[in-house]
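Because only heavy atoms are used, hydrogens play no part in the values below, and waters and symmetry mates are left out as well, while side chains stay in.
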Amino acid sequence: MLETRDYRLSLERSRAALTRKDRPSTFPMCGREWELLPEVFAPIYSPATRIALEFLGLDEWVGVPRTGSMLEMGCGTGIIAVTSALAGCDRVVAADIHPAAALNASVNAARHGVLDRVRGVRSDLFDGIDGNERFDTIFWHSNFVLAPADYRPRTLHEIAYVDPGYAAHRRFLAEATDRLTPGGSVLLHFSTRGDVAALLRIAGEENRRLRVLKSAVRHEGEHEVEHLLIEVTPAEVPVRPAVFVR
């Protein structure tokens, strides 16, 4: 398991995903065709996006209407944001630190006829989101591989793969619940390729409660990796260190 958590392997995957000769400009997923712009995270080279769709009940959408608002953090190509709108969400913000990803989400929203409900936004976590805007659901398929705190990503694409010192995770845990509507949910897609103990420590320091809602095990190469859908809520009493509630 320590090998799967080595940030250098994730950086190699990041670089390979950008330079592969078979990297397409469009690809199929969830019964639809999607556009993939250069420099944007490619969902076809990782099982994580498909698992996220499963976690959110969007992988086999059959027309059951949904309502409300959603913020997808780290949207990449915007598959989750667009599919959420297709499933009935009436306001979706697709946010990403990479401007090409925010554009990619808008392109795919236009492709599938939901540009009136999906807004692509360039944002470093919540920095680019209006401080008065609130959401029923905030979802982040995070860059859960921990890199050393002093590592400086060479490209924005690398940020989709690693989080130096878990600085972004700390900010997300501290800020996300303040951006919810009453009764809203913060959902974090994490994995055992990340450092679960470090996440729990940070949650305790930020006085956040973590509850595992769903999990899925996949074989990635020679290793077995567990993906987790985690609900983040403020703790009613101080929790240091935090623990997962299942």
- Item | Residues Phe139, Leu56; criterion side chain to side chain contact (heavy atoms under 4.5 Å, CB included); working and verdict | CA-CA 9 Å; Phe139 173 77; Leu56 297 173; 4.1 Å; yes

- Query: Is the distance between the ring centroids of Tyr161 and Phe41 under 6.0 Å?
  - Reply: yes

- Task: Let me see the working for Asp136 and Ser69 under side chain to side chain donor-acceptor pair (under 3.5 Å), right down to the final yes or no.
- Result: CA-CA 5 Å; Asp136 298 313; Ser69 56; 3.3 Å; yes

- Message: Assigning hydrophobic clusters by single linkage (Ile, Leu, Val, Met, Phe, Trp, Tyr; side-chain heavy-atom cutoff under 4.5 Å), is Leu125 placed with Ile159?
- Response: no

- Message: Which residue is it: Val196, Leu199, Leu188? I am looking for the one with a side chain to side chain contact (heavy atoms under 4.5 Å, CB included) to Leu210.
- Response: Leu199

- Query: Only one of Arg193, Arg15, Glu158 clears side-chain hydrogen bond (donor to acceptor under 3.5 Å, both in side chains) with Ser10; which?
  - Reply: Arg193

- Task: State which residues pass side-chain hydrogen bond (donor to acceptor under 3.5 Å, both in side chains) with Arg134; sequence neighbours excluded, sorted by chain then number.
- Result: none

- Which pair of heavy atoms, one from Ala42 and one from Leu36, lies closest together, and at what distance? CB-CD2, 3.8 Å

- How would you list all residue pairs meeting salt bridge (charged side-chain N to carboxylate O under 4.0 Å, His left out) that involve residues 81-97, not counting sequence neighbours? Arg91-Glu133

- From the options His227, His169, His141, select the one residue that forms a ring pair (Phe, Tyr, Trp, His ring centres under 6.0 Å) with Phe190. His169

- Message: If the condition is salt bridge (charged side-chain N to carboxylate O under 4.0 Å, His left out), which residues does Arg8 pass it with, not counting sequence neighbours?
- Response: Asp6

- Task: Would you mind listing every salt bridge (charged side-chain N to carboxylate O under 4.0 Å, His left out) that reaches into residues 34-58, with sequence neighbours excluded?
- Result: Glu35-Arg111, Glu54-Arg218

- Salt bridge between Arg179 and Glu175, side-chain N to carboxylate O under 4.0 Å? no

- Query: Among all residues two or more places apart in sequence or in another chain, which pass the side-chain hydrogen bond (donor to acceptor under 3.5 Å, both in side chains) test with Asp195?
  - Reply: Arg5

- Message: According to ring pair (Phe, Tyr, Trp, His ring centres under 6.0 Å), who are the partners of Phe135, at least two apart in sequence or on a separate chain?
- Response: none

